[in-house]
2 protein chains.
Amino acid sequence: MVSSKDVAKQAGVSQATVSRVLNSPELVKKHTLEKVIKAINDLNYIPNANARSLVQNKTGTIALLSGPLHNPFFVDTTSAIVNYASEMDYRIQVQFVNDKKLSEAYTTAFEQKVDGIILSCILNDDPIFEKLTRMEIPFITYNRKHQNNEYFVEIDNYEAGYLSAKHMIEQGHKQIAWIGGPLNVSTFNNRFLGFKQAIQDFQIYLPEEYKIITDTTKQSISESFYKLMHLQQRPTAICAGSDSFAFNLIDDAASNNLSVPEDLSIIGIDNVNLSQHSMINLTTIGSISGKNLGHLAIEKLIDMIKNKNNSCVKITEPVRLFDRSTTRNL
Amino acid sequence: MVSSKDVAKQAGVSQATVSRVLNSPELVKKHTLEKVIKAINDLNYIPNANARSLVQNKTGTIALLSGPLHNPFFVDTTSAIVNYASEMDYRIQVQFVNDKKLSEAYTTAFEQKVDGIILSCILNDDPIFEKLTRMEIPFITYNRKHQNNEYFVEIDNYEAGYLSAKHMIEQGHKQIAWIGGPLNVSTFNNRFLGFKQAIQDFQIYLPEEYKIITDTTKQSISESFYKLMHLQQRPTAICAGSDSFAFNLIDDAASNNLSVPEDLSIIGIDNVNLSQHSMINLTTIGSISGKNLGHLAIEKLIDMIKNKNNSCVKITEPVRLFDRSTTRNL
DNA sequence: ACAAGAAATGAATACGTATACATTTTTGAT
DNA sequence: ATCAAAAATGTATACGTATTCATTTCTTGT
């Protein structure tokens, strides 16, 4: 590999001068500048970012620990995060984390000595959180948060759950079920709490079988749907824990020959880009501002990295209903 | 930052021994091993991958230069690539490249001294290709290829274009339009060639206005659609250059109050995961094996990196029709 | 033409690791 | 107990860069 030393020899200068040409060309005389640049081009020299990181003690790299892309929410956020980081001259190392490989993913990030970590995959009482704070690496969570988090970006999940149920109730539904993810995930937990509060406020009867907490695999969701649809008293409406859940449920409905919304109303939460597609048109709850959570988070993170800014970041975006066509008046 | 030297001091051994504990523990006596491991844990030591890269001259990192995620094809491939790489203990640095930032993206990858590059965004006669080969970094393209490429993975694009047109013809359509991307992209070019061949073989009349080559922005596609729909003799079927094009066109149809397939048949190419969704059900052409192109490519790339394997990789997956519900008999 | 100050360059070093080689310690057969 | 071989450990160096400090070269005002 051709190094700055090789360039220096070729140009008849010292290695330090080559370094200066790259990092502070205003310090070097025009004549030598040209000589060095010529040598760089002749030798096809490309500086080694790893060596640079070593001496400067920063890598210009951010680790992204995202949920899987089959969840369209993470498609939107990943896209926003990677693009904004690129604009700001940060590189993103992405991992799509499942629970099994979680701690491995963290280790990788730590070893790379990334300048910051942006992550979604954290549980409300995750023990990894301690490790993360002790690392002294700036990090921020989006969508989910840990109970002790001081840096996070989310939507108002409680309100989202509340509005979700409220919408169904206002449409005249009395049999409303919930299907959402595990309650050790802050997002699902708060949404579910909001949902239950609305149900209670409007004095709707909510049988135990209508409260379904499941993991996020396609199969588990399908099984939950199947169970729900084979109850004696089956629900006329389902509030899904997220748009991703809603999409799965809509698919399940189709395979069970049920039309949405004619036979069954379904509402999501997140208002992902895909939900606006004309062939889907999912009714959902989403951020009023329409700002992408990933974008908000990466902006803040880069600010934290650059300015050693230590004040908290606790952003909770207000939400509203996006009334589209997967729910209907009873 | 705590380094292996600090650990060495704490454990009362040399730095070399610490290094051995991490990389070849079988060489170190049990007693000292335990001392060192204790010191590592006490100090919360995490090795610096950059320093390691410097001396070992490999980074364990692969650069992914992907197209944007609003194209669902790249959702599927990115997911497969990142996950497989993680399994094989490679890290992925991802960039979603647009044409403006292309050469910048390459530079970034080069500077990081990545072990390999997996990319989609390359033009048929892209001058960057020369640079890439001169770099002596293993690389592979998926989906698209350069005219001189010796390492690529694609579907049989020509055949895909052919089958796409053939399907419409067999459904009884006589007015069949093409809307696809730029012809300096191998993928679009070959698909278009296949399309034209089928049209010719079946002796269909193809007016100039039915051949639309546009860039891949939502707006340009919408404009193309609008033009097409306001022709005196408007087409009854559109062959889209990709599933992504098809999704856009379906959206455009909806906003123009045209139903698919009642008023207009639309077929895509790629058979992306999303196209199978019950609410979309896009008729399309895709790989028979169903193998993900990204997965095929990253497999090959990692093999190339590990085994210094220099023989060519030229994979062209055969295709077939996936007859779903966005086309209908005339 | 000269000195003093500024500008440009070079020499030396540090970053954190892996590894070749040198040295010490341990083992085991006699 | 001795010694050779094997095992374990330590020392020194290299990787490619940025940067501090020392040195040289250039300006400029007299």
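Any value given below was found using the heavy atoms of this structure, including those in side chains, with hydrogens, waters and symmetry copies removed. Residue numbers start from 1 in every chain, and the chains themselves are labelled A, B, ... in the order their sequence lines are given, proteins ahead of strands.
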#### Entry: Phosphate OP1/OP2 of D:dA14: any B:Q56 side-chain N/O under 4.0 Å
no

### Query
Taking the side chain from B:H146 and the backbone from B:D126, do they hold a donor-acceptor pair closer than 3.5 Å?
yes

### Task
Applying side-chain contact (heavy atoms from CB on, under 4.5 Å), name anything that partners B:Q147, two or more places apart in sequence or on another chain.
B:N124, B:D125

Distance-only check: which donor-acceptor pairs under 3.5 Å involve side-chain atoms of residues 78-91 of chain A, not counting sequence neighbours?
unit_1: A:T78; atom_1: OG1; unit_2: A:F74; atom_2: O; d: 2.6
unit_1: A:N83; atom_1: ND2; unit_2: A:S79; atom_2: O; d: 3.1
unit_1: A:S86; atom_1: OG; unit_2: A:V82; atom_2: O; d: 3.2
unit_1: A:R91; atom_1: NE; unit_2: B:Q112; atom_2: OE1; d: 3.1
unit_1: A:R91; atom_1: NH2; unit_2: A:G60; atom_2: O; d: 3.2

### Summary
Residues in residues 39-51 of chain B with a heavy atom under 4.0 Å of DNA chain C, by number, are B:Y45, B:P47, B:N48, B:A51

### Query
B:K29 side chain: which of D:dA18, C:dT9, C:dT26 is closest?
C:dT26

### Query
Do A:K291 and A:E317 sit within salt-bridge range, that is, some charged N less than 4.0 Å from a carboxylate O?
no

### Task
Compare side-chain N and O positions of B:S4 against OP1 and OP2 of C:dT17 and report whether any pair is under 4.0 Å apart.
yes

#### Entry: Gap between atoms NE2 and C1', on B:H31 and D:dA7 respectively (whole Å)
16 Å

## Note on the structure
With five pairs defining each end axis, the helix from C:dA1-D:dT30 to C:dT30-D:dA1 comes out bent, to 10°, by 30°

### Task
Kindly say whether B:Q15 contributes a backbone atom to a donor-acceptor pair with the side chain of B:S19 at under 3.5 angstrom?
no

### Query
Between A:N273 and A:D76, does any side-chain donor sit less than 3.5 Å from a side-chain acceptor?
yes

### Query
Is any side-chain N or O of B:T32 closer than 4.0 Å to OP1 or OP2 of D:dA8?
no

### Query
In whole Å, what is the span from the NZ atom of B:K35 to the P atom of D:dA8?
14 Å

### Task
Taking B:N184 for its side chain and B:L123 for its backbone only, find out whether a donor-acceptor pair lies under 3.5 Å.
no

### Query
Within the structure shown, what part of the strands sits under 4.0 Å from B:S53 by heavy-atom distance: base, sugar-phosphate, or nothing?
nothing

### Query
Which whole-number value in Å describes the distance from B:L54 CG to D:dG16 C1'?
5 Å

Listing, residues 127-137 of chain A side-chain donor-acceptor contacts under 3.5 Å, not counting sequence neighbours, or none:
unit_1: A:T133; atom_1: OG1; unit_2: A:F129; atom_2: O; d: 3.2
unit_1: A:T133; atom_1: OG1; unit_2: A:E130; atom_2: O; d: 2.7

### Task
Name the closest nucleotide to the B:A16 side chain, picking from C:dT17, C:dC15, D:dT11.
D:dT11

### Query
With distance as the sole test, does A:N143 use its side chain to make a donor-acceptor pair with the main-chain N or O of A:S120 at under 3.5 Å?
no

### Message
If I take atom CG in residue A:L33 and atom P in nucleotide C:dA8, what distance separates them, rounded to the nearest angstrom?
### Response
11 Å

### Query
Which residues within residues 17-26 of chain B lie with some heavy atom under 4.0 Å of an atom in DNA chain C?
B:S19, B:N23

### Task
Return yes if some donor-acceptor pair links the side-chain N/O of B:D270 with the main-chain N/O of B:V272 below 3.5 Å, else return no.
no

### Integer-rounded Å distance: D:dT17 P and A:K113 NZ
22 Å

### Task
Taking only the side-chain heavy atoms of B:V28 (C-beta and beyond), determine which of C:dG16, D:dT9, D:dA12 contains the nearest atom.
D:dT9

### Message
So does A:T59 get a backbone contact from the side chain of A:D115, meaning a donor-acceptor N/O pair under 3.5 Å?
### Response
yes

### Query
What is the distance from NZ of B:K9 to P of C:dT17, rounded to the nearest Å?
14 Å

### Task
State whether the distance check finds a donor on one side and an acceptor on the other, under 3.5 Å, for side chain A:Q15 versus base C:dA11.
no

### Task
Taking the side chain as every heavy atom from C-beta outward, state whether B:K101 and B:Q95 have any pair of such atoms under 4.5 Å apart.
no

### Task
Figure out the NZ/C1' separation between A:K30 and D:dT27, and round it to whole Å.
18 Å

#### Entry: A:S14 side-chain N/O to C:dA11 phosphate OP1/OP2 under 4.0 Å
no

### Task
Send over the distance from B:L27 CG to C:dT23 P, rounded to a whole Å.
20 Å

